[in-house]
Amino acid sequence: MSILDWGVLIFTLTGIVSYGIYKSRGNQDIKEFLLGNQSLPWYHVCLSVMATQASAITFLSAPGLAYSSGMSFVQFYFGLPLAMIVLCITFVPIFHRLKVYTAYEFLEQRFNLKTRVLTAFLFLIQRGLSTGITIYAPSIILSTILNIDTTYTTIFIGGLVIFYTVYGGTKAVSYTQLLQMSIIFSGLFIAGAMVVYLLPDDVGFVKAISMAGKMGRTNAIDFSFDWDNQYTVWSGIIGGFFLQLSYFGTDQSQVGRYLTGSSVSESRLGLLMNGLVKIPMQFLILLIGVLVFTFYQYEKPPLFFNSYELNKLEKSGYSSELNQIKLEYNQAFSDKQKQVSELSKALNNEDTQAIDQSRSELRVADEKTKALRGKLTGLMQKNDPDAEINDNNYIFLSFVTQYLPKGLIGLLIAIIFLASMGSTASALNSLASTTVIDVYKRLINKEASDKNYLLASRLSTIGWGAVCIVMALYASKMGNLIEAVNKLGSYIYGTILGVFLVAFYLKRVGGRAVFYSAVCTEIIVCICGYYEVVAYLWLNVIGCLTVVILALLFELIIKKAAEDESTAV
């Protein structure tokens, strides 16, 4: 990166962190630290909720996912608007009325302490693991820029977020997220416009999309009902609805964001606006990935997008084999460009037969380049068995650093950093609040002062930050990060959502029944996920419905046993 890019990056990051700390100065008690005194307007709530969900993973991995397999991932969000409506009707007024710090306090009031601790424990596991992945995402950027191992950059990024989250609490998180999302939206539009600008003169936006479509990258909608297909309209509306309802309704990282709203109506409006804006935003991010794919049909893409791993191989004893692969790759891309040119001409002439022929020949050319990449990754593993052979998360970053003008590179990299900092800070804040309110204050030290709980919250933030950094060091083994986060959540969110639905709607079911059903359900979901019985989004549906059904059955069994016991007496 140029000096200008470094200047833009450092100025943006320093300015936003300083602003968040300034606005949150004077935190004196636990309510202000964890809930920001419930004083924020709806637009703060909306942008904070969006920033918590839209981590660096979104901006690194989503374009890479669209580049590799198309836009079908957008269907993942189709259940979001419906989930926001249900949340606004049920969850939001209940949480505000009860004046809770965490979502899980309500479960003890409704059921018992065991159920509260179980759901809090499940949340802590899921959010702790997921936050590790979100910390790892921006460390990829620093690693690529500085050409150093991600271990060092992961520790640096984690430490930076821990600092301002510990100091400022939820106000620092919310105020920084307000600026972050404003800059992110601006940067996304600029990035999309720049990709189109960099395309050849005879390839405009419409033709770029058409080219990508002929090569299978604009498959945004799929109405097929296939249990094994991860992204369809039905898995998005049904499975996505259950996942989003659980994430926004029971995950403290999100509940903590809209509990900062100054009233029920402000929280509701913030969530509804999130439901309206999120799908277009995600569509735009995926569309940028598709445009980058079209761009690389005319410009030769790197043989491997992770330059750090490629540089390791170049310095190894396998450099001669690598050079041979590079020569073959150059020839394969040259041959492929001829087919791209033919497809472009056929599209101009609207010649259907020529288009079909060019598409089939392009598929053959693509297989050749994939085979060469397979040889490369095999060589990488020979050189280093622990090498990171999935470069999906590096595709957009590679494009940004190589082709965008000076200054804009620094801004877009700052955007990815900001997204990571926003979501990571929210997660650390929620992990701390759940640990202190649901564990420390409830089970360990019930009568401490506000200052004691405030100190415990800050120490807990540091502790969870350290755990998440350790988890981040293993994130490179998880493939595409945005899929990894959502798969991980699908193992747990359905179960937690089922517990809350029983709490809200099945008034006759008691704590023992729902506790046993949650434990059994989590075992069932983990087995289904491990053996890949269905696509991962359906795990949320299975988990939720299984908890509800088993809770009803266990309640009948418990009542029957109690009746038999009383009759015997």
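For this chain, numbers begin at 1 and follow the sequence in order. Computed from a predicted structure; not experimentally measured.
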Could you walk me through whether N452 and Y440 pass the side chain to side chain donor-acceptor pair (under 3.5 Å) check? CA-CA 11 Å; N452 180 283; Y440 179 72; 2.9 Å; yes
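- Using the six-membered ring where Trp is involved, Y104 and F123 have ring planes that are tilted, between 30° and 60° apart.
- Ring centroid separation for the pair F91 and F106 does not come in under the 6.0 Å cut-off.
- A 6.0 Å sphere centred on CZ of F225 holds more than 12 heavy atoms belonging to other residues, nucleotides or ligands.
- Taking the six-membered ring where the residue is Trp, Y231 and F76 present perpendicular rings, their angle passing 60° and hence far from 30°.
- Taking both residues in full, the closest heavy atoms of A513 and I558 are given as N-CD1, 3.7 Å, listed atom of the first, atom of the second, then distance.
- Checked against a 6.0 Å centroid threshold, the rings of F242 and Y493 do not count as neighbours.
- Considering all non-hydrogen atoms of both residues, T435 and S460 come closest at CB-OG, 3.5 Å.
- Side-chain atoms of S517 and T521 form no donor-acceptor pair, as typed in the model, at a separation below 3.5 Å.
- In K507, the NZ atom is crowded: over 12 heavy atoms of neighbouring residues, nucleotides or ligands sit closer than 6.0 Å.
- The shortest heavy-atom contact between L431 and C468 is CD1-SG, 4.1 Å.
- Heavy-atom minimum distance, Q244 versus A83: CB-CB, 3.9 Å.
- In this structure, A472 and T154 approach most closely via the heavy-atom pair CB-CG2, 3.4 Å.
- No more than 12 heavy atoms of other residues, nucleotides or ligands lie within 6.0 Å of OH in Y152, so this atom counts as exposed by the packing criterion.
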